2 protein chains.
Amino acid sequence: METAIEKLKSLKIKVTRSRVELLKFLMDNKGHFTAEDIFKRLQAQYPNLNLASVYNNLNLFDEHGMIRRLYTHREKAVWDADARAHAHFVCDVCGEIFDLDLPLIPEKYYLKYSGSFKVSHEEIIFRGICNKCAKKENI
Amino acid sequence: METAIEKLKSLKIKVTRSRVELLKFLMDNKGHFTAEDIFKRLQAQYPNLNLASVYNNLNLFDEHGMIRRLYTHREKAVWDADARAHAHFVCDVCGEIFDLDLPLIPEKYYLKYSGSFKVSHEEIIFRGICNKCAKKENI
DNA sequence: CTCGCGTATTATAATCATTCTAAACAAGCG
DNA sequence: CGCTTGTTTAGAATGATTATAATACGCGAG
(Lines give C-alpha, C1' and ligand atoms only; values in the text may rest on other atoms or scores of the structure.)
Protein backbone atom coordinates (compact mmCIF):
# COMPACT_ATOMS: atom_id res chain seq x y z
CA MET A 1 0.00 0.00 0.00
CA GLU A 2 1.48 3.29 -1.19
CA THR A 3 1.63 6.06 1.41
CA ALA A 4 0.48 9.60 0.70
CA ILE A 5 4.06 10.84 0.50
CA GLU A 6 5.09 8.07 -1.86
CA LYS A 7 2.13 8.78 -4.08
CA LEU A 8 2.95 12.49 -4.31
CA LYS A 9 6.60 11.73 -5.08
CA SER A 10 5.71 9.23 -7.77
CA LEU A 11 3.61 11.90 -9.44
CA LYS A 12 6.40 14.49 -9.08
CA ILE A 13 4.19 16.70 -6.94
CA LYS A 14 6.09 18.74 -4.38
CA VAL A 15 5.50 17.28 -0.94
CA THR A 16 3.99 19.86 1.42
CA ARG A 17 2.15 19.51 4.67
CA SER A 18 -1.19 20.60 3.17
CA ARG A 19 -0.93 18.04 0.44
CA VAL A 20 0.08 15.20 2.68
CA GLU A 21 -2.69 15.86 5.20
CA LEU A 22 -5.25 16.26 2.43
CA LEU A 23 -4.20 13.14 0.58
CA LYS A 24 -4.05 11.09 3.77
CA PHE A 25 -7.58 12.21 4.56
CA LEU A 26 -8.81 11.23 1.11
CA MET A 27 -7.11 7.84 1.26
CA ASP A 28 -8.47 7.09 4.73
CA ASN A 29 -11.98 8.41 4.13
CA LYS A 30 -13.23 7.22 0.77
CA GLY A 31 -16.37 9.22 0.18
CA HIS A 32 -17.79 12.47 -1.17
CA PHE A 33 -16.66 15.75 0.31
CA THR A 34 -16.85 19.47 -0.16
CA ALA A 35 -13.74 21.59 0.37
CA GLU A 36 -15.31 22.91 3.56
CA ASP A 37 -15.95 19.38 4.89
CA ILE A 38 -12.32 18.49 4.51
CA PHE A 39 -11.06 21.82 5.78
CA LYS A 40 -13.01 21.48 9.03
CA ARG A 41 -11.93 17.92 9.65
CA LEU A 42 -8.26 18.68 9.06
CA GLN A 43 -8.12 21.69 11.33
CA ALA A 44 -7.79 19.57 14.46
CA GLN A 45 -4.46 18.14 13.35
CA TYR A 46 -3.34 21.16 11.30
CA PRO A 47 -4.79 24.41 12.63
CA ASN A 48 -2.84 26.65 10.23
CA LEU A 49 -4.28 25.00 7.16
CA ASN A 50 -5.94 27.45 4.81
CA LEU A 51 -9.15 26.81 2.91
CA ALA A 52 -7.58 28.17 -0.27
CA SER A 53 -4.94 25.47 -0.07
CA VAL A 54 -7.62 22.85 0.19
CA TYR A 55 -9.20 24.19 -2.98
CA ASN A 56 -5.86 24.49 -4.75
CA ASN A 57 -4.89 20.96 -3.98
CA LEU A 58 -8.26 19.40 -4.65
CA ASN A 59 -8.02 20.96 -8.09
CA LEU A 60 -4.45 19.76 -8.43
CA PHE A 61 -5.33 16.20 -7.43
CA ASP A 62 -8.25 16.30 -9.82
CA GLU A 63 -5.99 17.33 -12.70
CA HIS A 64 -3.79 14.36 -11.85
CA GLY A 65 -6.76 12.03 -11.90
CA MET A 66 -6.31 11.14 -8.22
CA ILE A 67 -9.83 12.22 -7.30
CA ARG A 68 -12.81 13.38 -9.31
CA ARG A 69 -14.96 16.45 -9.08
CA LEU A 70 -18.64 15.59 -9.18
CA TYR A 71 -21.30 17.76 -10.76
CA THR A 72 -24.10 16.48 -8.59
CA HIS A 73 -24.87 19.60 -6.57
CA ARG A 74 -25.32 23.07 -7.86
CA GLU A 75 -24.47 25.07 -4.74
CA LYS A 76 -21.04 23.68 -4.04
CA ALA A 77 -18.41 21.44 -5.57
CA VAL A 78 -18.16 17.88 -4.31
CA TRP A 79 -15.12 15.70 -4.77
CA ASP A 80 -15.15 11.95 -4.90
CA ALA A 81 -12.14 10.37 -3.27
CA ASP A 82 -12.59 7.43 -5.59
CA ALA A 83 -11.52 8.51 -9.09
CA ARG A 84 -12.56 5.30 -10.79
CA ALA A 85 -15.57 5.74 -13.06
CA HIS A 86 -18.77 4.76 -11.33
CA ALA A 87 -22.40 5.87 -11.27
CA HIS A 88 -24.10 7.79 -8.45
CA PHE A 89 -27.49 8.14 -6.93
CA VAL A 90 -28.37 11.52 -5.39
CA CYS A 91 -31.30 11.91 -3.03
CA ASP A 92 -33.33 14.99 -3.91
CA VAL A 93 -34.44 15.31 -0.29
CA CYS A 94 -31.34 14.90 1.87
CA GLY A 95 -28.77 15.47 -0.86
CA GLU A 96 -26.76 12.40 0.03
CA ILE A 97 -24.65 10.80 -2.68
CA PHE A 98 -24.53 7.01 -3.01
CA ASP A 99 -21.95 5.10 -5.03
CA LEU A 100 -23.33 2.61 -7.50
CA ASP A 101 -21.29 -0.31 -8.64
CA LEU A 102 -22.59 -0.64 -12.18
CA PRO A 103 -21.01 -1.40 -15.54
CA LEU A 104 -20.04 1.50 -17.77
CA ILE A 105 -22.15 2.39 -20.75
CA PRO A 106 -20.69 0.46 -23.69
CA GLU A 107 -19.29 2.53 -26.52
CA LYS A 108 -21.72 1.03 -28.99
CA TYR A 109 -24.49 2.81 -27.10
CA TYR A 110 -23.33 6.18 -28.41
CA LEU A 111 -21.61 4.93 -31.54
CA LYS A 112 -23.61 7.15 -33.85
CA TYR A 113 -21.89 10.17 -32.32
CA SER A 114 -18.37 8.80 -32.53
CA GLY A 115 -17.62 11.07 -35.48
CA SER A 116 -18.67 14.19 -33.57
CA PHE A 117 -16.58 14.05 -30.42
CA LYS A 118 -14.14 11.99 -28.43
CA VAL A 119 -15.48 10.85 -25.08
CA SER A 120 -12.99 10.76 -22.24
CA HIS A 121 -15.36 10.25 -19.34
CA GLU A 122 -18.96 9.39 -18.69
CA GLU A 123 -21.05 10.53 -15.79
CA ILE A 124 -24.22 8.75 -14.78
CA ILE A 125 -26.36 10.24 -12.07
CA PHE A 126 -29.68 8.86 -10.93
CA ARG A 127 -31.85 11.22 -8.92
CA GLY A 128 -34.84 10.47 -6.76
CA ILE A 129 -35.52 9.71 -3.12
CA CYS A 130 -33.58 7.40 -0.85
CA ASN A 131 -35.22 4.83 1.42
CA LYS A 132 -34.46 6.76 4.57
CA CYS A 133 -36.18 9.92 3.34
CA ALA A 134 -39.06 7.97 1.81
CA LYS A 135 -39.81 6.46 5.21
CA LYS A 136 -39.70 9.84 6.95
CA GLU A 137 -42.07 11.43 4.47
CA ASN A 138 -44.69 8.71 4.89
CA ILE A 139 -45.20 9.35 8.61
CA MET B 1 -49.36 24.29 -31.06
CA GLU B 2 -49.99 25.78 -27.61
CA THR B 3 -48.96 29.41 -27.15
CA ALA B 4 -46.93 30.58 -24.16
CA ILE B 5 -49.98 32.23 -22.60
CA GLU B 6 -52.13 29.15 -23.07
CA LYS B 7 -49.46 26.99 -21.51
CA LEU B 8 -49.18 29.22 -18.45
CA LYS B 9 -52.95 29.30 -18.02
CA SER B 10 -53.27 25.55 -18.35
CA LEU B 11 -50.72 25.20 -15.55
CA LYS B 12 -52.55 27.78 -13.42
CA ILE B 13 -49.50 30.03 -13.41
CA LYS B 14 -50.30 33.72 -13.23
CA VAL B 15 -49.67 35.31 -16.62
CA THR B 16 -47.15 38.13 -16.36
CA ARG B 17 -45.04 39.85 -18.95
CA SER B 18 -41.79 38.34 -17.61
CA ARG B 19 -43.18 34.85 -17.79
CA VAL B 20 -44.63 35.20 -21.23
CA GLU B 21 -41.44 36.64 -22.70
CA LEU B 22 -39.32 34.03 -20.99
CA LEU B 23 -41.52 31.14 -22.04
CA LYS B 24 -41.76 32.40 -25.60
CA PHE B 25 -38.00 32.59 -25.72
CA LEU B 26 -37.66 29.05 -24.45
CA MET B 27 -40.22 27.71 -26.89
CA ASP B 28 -38.64 29.49 -29.87
CA ASN B 29 -35.04 28.76 -28.96
CA LYS B 30 -34.71 25.15 -27.88
CA GLY B 31 -31.24 24.93 -26.43
CA HIS B 32 -29.13 25.38 -23.31
CA PHE B 33 -29.02 28.73 -21.60
CA THR B 34 -27.79 30.47 -18.49
CA ALA B 35 -30.03 33.01 -16.79
CA GLU B 36 -27.70 35.74 -18.02
CA ASP B 37 -27.94 34.52 -21.64
CA ILE B 38 -31.69 34.79 -21.57
CA PHE B 39 -31.71 38.06 -19.67
CA LYS B 40 -29.49 39.73 -22.25
CA ARG B 41 -31.45 38.47 -25.21
CA LEU B 42 -34.79 39.55 -23.76
CA GLN B 43 -33.68 43.06 -22.90
CA ALA B 44 -34.17 44.29 -26.47
CA GLN B 45 -37.90 43.62 -26.36
CA TYR B 46 -38.37 44.14 -22.62
CA PRO B 47 -35.85 46.61 -21.20
CA ASN B 48 -37.38 46.69 -17.73
CA LEU B 49 -36.98 42.97 -17.21
CA ASN B 50 -35.04 42.12 -14.07
CA LEU B 51 -32.48 39.34 -13.81
CA ALA B 52 -34.04 38.19 -10.54
CA SER B 53 -37.29 37.56 -12.37
CA VAL B 54 -35.49 35.43 -14.88
CA TYR B 55 -34.07 33.33 -12.06
CA ASN B 56 -37.39 33.16 -10.25
CA ASN B 57 -39.25 32.00 -13.30
CA LEU B 58 -36.62 29.60 -14.51
CA ASN B 59 -36.90 27.96 -11.10
CA LEU B 60 -40.68 28.05 -11.33
CA PHE B 61 -40.74 26.49 -14.78
CA ASP B 62 -38.29 23.87 -13.60
CA GLU B 63 -40.57 22.95 -10.69
CA HIS B 64 -43.38 22.53 -13.18
CA GLY B 65 -41.27 20.26 -15.34
CA MET B 66 -41.40 22.67 -18.28
CA ILE B 67 -37.61 22.94 -18.51
CA ARG B 68 -34.77 21.19 -16.78
CA ARG B 69 -31.80 22.50 -14.89
CA LEU B 70 -28.59 20.83 -15.99
CA TYR B 71 -25.69 20.08 -13.72
CA THR B 72 -23.09 20.16 -16.42
CA HIS B 73 -21.15 23.26 -15.44
CA ARG B 74 -19.89 24.16 -12.05
CA GLU B 75 -19.66 27.94 -12.36
CA LYS B 76 -23.18 28.69 -13.40
CA ALA B 77 -26.54 27.03 -13.80
CA VAL B 78 -27.65 25.99 -17.26
CA TRP B 79 -31.25 25.30 -18.20
CA ASP B 80 -32.32 23.01 -20.97
CA ALA B 81 -35.40 24.25 -22.81
CA ASP B 82 -36.18 20.64 -23.62
CA ALA B 83 -37.38 18.93 -20.46
CA ARG B 84 -37.60 15.47 -21.97
CA ALA B 85 -34.93 13.12 -20.64
CA HIS B 86 -31.94 12.92 -22.94
CA ALA B 87 -28.19 12.53 -22.65
CA HIS B 88 -25.60 15.27 -23.19
CA PHE B 89 -22.07 15.63 -24.36
CA VAL B 90 -20.04 18.47 -22.86
CA CYS B 91 -16.81 19.64 -24.45
CA ASP B 92 -14.11 20.14 -21.82
CA VAL B 93 -12.43 22.77 -24.01
CA CYS B 94 -15.17 25.11 -25.24
CA GLY B 95 -17.85 24.10 -22.74
CA GLU B 96 -20.52 23.60 -25.36
CA ILE B 97 -23.37 21.23 -24.59
CA PHE B 98 -24.65 18.85 -27.26
CA ASP B 99 -27.93 16.98 -27.11
CA LEU B 100 -27.71 13.25 -27.65
CA ASP B 101 -30.65 11.30 -28.90
CA LEU B 102 -30.03 8.02 -27.11
CA PRO B 103 -32.23 5.46 -25.38
CA LEU B 104 -32.63 5.72 -21.61
CA ILE B 105 -30.81 3.34 -19.36
CA PRO B 106 -33.14 0.37 -18.81
CA GLU B 107 -34.26 -0.19 -15.26
CA LYS B 108 -32.75 -3.64 -15.19
CA TYR B 109 -29.35 -1.97 -15.41
CA TYR B 110 -29.65 -0.74 -11.84
CA LEU B 111 -32.07 -3.37 -10.60
CA LYS B 112 -29.86 -4.42 -7.72
CA TYR B 113 -30.38 -1.04 -6.12
CA SER B 114 -34.15 -0.95 -6.54
CA GLY B 115 -34.59 -1.69 -2.83
CA SER B 116 -32.44 1.23 -1.78
CA PHE B 117 -34.02 4.19 -3.56
CA LYS B 118 -36.64 5.26 -6.01
CA VAL B 119 -35.24 6.79 -9.19
CA SER B 120 -37.22 9.64 -10.69
CA HIS B 121 -34.71 10.89 -13.21
CA GLU B 122 -31.46 9.84 -14.80
CA GLU B 123 -28.75 12.11 -16.07
CA ILE B 124 -26.13 10.95 -18.51
CA ILE B 125 -23.26 13.23 -19.38
CA PHE B 126 -20.37 12.34 -21.60
CA ARG B 127 -17.35 14.59 -21.37
CA GLY B 128 -14.41 14.94 -23.71
CA ILE B 129 -13.47 17.08 -26.66
CA CYS B 130 -15.64 18.07 -29.61
CA ASN B 131 -14.50 17.85 -33.20
CA LYS B 132 -14.19 21.58 -33.61
CA CYS B 133 -11.84 21.96 -30.64
CA ALA B 134 -9.90 18.82 -31.57
CA LYS B 135 -9.10 20.31 -34.97
CA LYS B 136 -7.99 23.62 -33.47
CA GLU B 137 -5.64 21.94 -31.03
CA ASN B 138 -3.89 19.93 -33.74
CA ILE B 139 -2.69 23.02 -35.62
C1' DC C 1 -66.14 47.22 -15.13
C1' DT C 2 -64.01 48.14 -10.88
C1' DC C 3 -62.12 47.03 -6.49
C1' DG C 4 -59.06 44.76 -3.49
C1' DC C 5 -56.20 40.97 -2.28
C1' DG C 6 -52.31 38.49 -2.99
C1' DT C 7 -48.53 37.65 -5.65
C1' DA C 8 -44.82 39.19 -9.03
C1' DT C 9 -41.59 42.49 -10.20
C1' DT C 10 -38.17 45.76 -9.43
C1' DA C 11 -33.88 47.76 -7.62
C1' DT C 12 -30.75 47.00 -4.48
C1' DA C 13 -28.31 44.67 -1.04
C1' DA C 14 -26.78 40.38 0.93
C1' DT C 15 -24.82 35.83 0.70
C1' DC C 16 -21.63 32.42 -0.03
C1' DA C 17 -18.46 29.43 -2.69
C1' DT C 18 -14.45 29.97 -5.00
C1' DT C 19 -10.43 32.38 -6.78
C1' DC C 20 -7.01 36.09 -6.74
C1' DT C 21 -3.23 38.84 -4.69
C1' DA C 22 0.91 39.82 -2.46
C1' DA C 23 3.92 38.75 1.09
C1' DA C 24 6.09 35.22 3.92
C1' DC C 25 7.66 30.68 3.81
C1' DA C 26 9.44 26.08 2.71
C1' DA C 27 10.86 22.17 -0.58
C1' DG C 28 14.36 20.31 -2.69
C1' DC C 29 18.12 21.03 -5.98
C1' DG C 30 22.87 22.08 -6.47
C1' DC D 1 23.77 25.26 3.50
C1' DG D 2 21.87 28.74 0.59
C1' DC D 3 18.97 29.75 -3.72
C1' DT D 4 15.27 29.46 -6.60
C1' DT D 5 10.80 28.48 -7.37
C1' DG D 6 6.52 27.07 -6.16
C1' DT D 7 3.29 26.93 -2.08
C1' DT D 8 0.89 28.68 1.73
C1' DT D 9 -1.25 32.17 4.07
C1' DA D 10 -4.57 35.95 5.20
C1' DG D 11 -7.39 38.76 3.38
C1' DA D 12 -9.75 40.87 -0.32
C1' DA D 13 -12.18 40.31 -4.68
C1' DT D 14 -15.30 38.07 -7.74
C1' DG D 15 -19.50 36.58 -9.48
C1' DA D 16 -23.69 33.75 -9.48
C1' DT D 17 -27.73 33.46 -7.05
C1' DT D 18 -31.07 34.73 -3.51
C1' DA D 19 -33.22 37.84 -0.08
C1' DT D 20 -35.52 42.23 1.04
C1' DA D 21 -38.82 45.71 0.93
C1' DA D 22 -41.44 48.80 -1.72
C1' DT D 23 -44.19 49.25 -5.83
C1' DA D 24 -47.01 47.45 -9.49
C1' DC D 25 -49.97 44.25 -11.55
C1' DG D 26 -53.03 40.03 -12.41
C1' DC D 27 -57.29 38.41 -11.81
C1' DG D 28 -61.27 36.73 -9.21
C1' DA D 29 -65.25 38.54 -6.56
C1' DG D 30 -68.70 41.50 -6.58
Side-chain angles (χ1 to χ4, degrees), chain A residues 3-25 32-43 45-64 66-79 95, chain B residues 3-25 32-43 45-64 66-79 95:
Chain A
T3 68
I5 292 179
E6 283 162 3
K7 179 148 201 168
L8 290 172
K9 282 190 174 162
S10 76
L11 289 166
K12 303 207 193 315
I13 297 174
K14 205 189 253 187
V15 177
T16 67
R17 173 118 192 245
S18 300
R19 289 172 180 171
V20 174
E21 298 282 3
L22 176 58
L23 185 51
K24 267 189 192 159
F25 175 86
H32 315 96
F33 307 100
T34 65
E36 189 86 31
D37 288 341
I38 298 172
F39 176 62
K40 279 187 183 148
R41 294 189 49 186
L42 287 182
Q43 275 184 317
Q45 66 233 51
Y46 184 13
N48 279 343
L49 177 64
N50 192 286
L51 180 55
S53 291
V54 175
Y55 275 105
N56 283 340
N57 290 318
L58 284 171
N59 283 326
L60 181 74
F61 291 176
D62 192 17
E63 282 158 21
H64 280 83
M66 302 156 69
I67 60 176
R68 188 172 288 281
R69 190 201 304 270
L70 300 183
Y71 290 72
T72 48
H73 294 262
R74 190 178 26 94
E75 324 82 48
K76 44 177 80 174
V78 176
W79 279 271
Chain B
T3 68
I5 292 179
E6 283 163 3
K7 179 148 199 169
L8 290 171
K9 282 190 175 161
S10 75
L11 289 166
K12 302 207 193 317
I13 296 173
K14 203 189 252 185
V15 177
T16 67
R17 170 115 195 246
S18 299
R19 287 170 183 172
V20 174
E21 298 283 3
L22 176 58
L23 186 51
K24 267 188 194 158
F25 176 85
H32 315 95
F33 307 100
T34 66
E36 190 85 30
D37 287 340
I38 298 172
F39 176 61
K40 280 186 183 150
R41 294 190 48 187
L42 287 182
Q43 275 185 316
Q45 66 233 52
Y46 185 13
N48 280 342
L49 176 65
N50 193 287
L51 181 56
S53 292
V54 176
Y55 275 105
N56 283 341
N57 290 318
L58 283 171
N59 283 326
L60 181 74
F61 292 174
D62 192 18
E63 283 158 21
H64 281 82
M66 301 156 69
I67 59 174
R68 186 173 289 283
R69 189 201 304 271
L70 300 184
Y71 290 72
T72 48
H73 294 261
R74 189 177 26 93
E75 325 80 49
K76 45 178 78 175
V78 176
W79 279 271

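What's counted below: heavy atoms across the whole structure, side chains too, no hydrogens, waters or symmetry copies. Treat the numbers as computed from the prediction; the structure is a model and nothing was measured. Per chain, numbering begins at 1; letters A, B, ... match sequence-line order.
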Does [X] reach the main-chain N or O of [Y] with its side chain, forming a donor-acceptor pair under 3.5 Å?
X: B/R69; Y: B/A77; value: no
X: B/D62; Y: B/N59; value: no
X: B/H32; Y: B/V78; value: no

Within the 4.0 Å heavy-atom criterion, would you say A/Y46 contacts the bases, only the backbone, or no part of the nucleic acid?
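The answer is sugar-phosphate, as A/Y46 gets under 4.0 Å only of primed atoms, P, OP1 or OP2.
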Atom CD1 of A/I13 and atom CG of A/L60: how far apart are they, to the nearest 0.5 Å?
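Reported value, rounded in 0.5 Å steps: 4.5 Å.
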Let me know the distance between [atom1] of [X] and [atom2] of [N], rounded to the nearest Å.
X: B/F33; N: D/dA16; atom1: CZ; atom2: P; answer: 18 Å
X: B/Q43; N: C/dT9; atom1: CD; atom2: P; answer: 16 Å
X: B/L22; N: C/dA8; atom1: CG; atom2: C1'; answer: 13 Å
X: B/L8; N: C/dT7; atom1: CG; atom2: C1'; answer: 15 Å
X: B/E21; N: C/dA8; atom1: CD; atom2: P; answer: 18 Å
X: A/K12; N: D/dG6; atom1: NZ; atom2: C1'; answer: 17 Å

Check: A/S53/A/N56 side-chain N/O donor and acceptor closer than 3.5 Å:
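Checked: A/S53/A/N56 side chains show no N/O donor-acceptor pair below 3.5 Å.
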Which nucleotides of nucleotides 11-30 of chain C have their base under 4.0 Å from a protein heavy atom (B), which only their sugar-phosphate (S), and which neither (-), written as one string 5' to 3'?
B-----SSBB------SS--
Over 12 non-hydrogen atoms of neighbours within 6.0 angstrom of CD1 in B/I5:
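Atom CD1 in B/I5 is not crowded, with 12 or fewer foreign heavy atoms closer than 6.0 Å.
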Quick one: is D/dT8 close enough that its OP1 or OP2 comes under 4.0 Å of any side-chain N or O from A/S18?
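True: A/S18 side-chain N/O within range (under 4.0 Å) of D/dT8 OP1/OP2.
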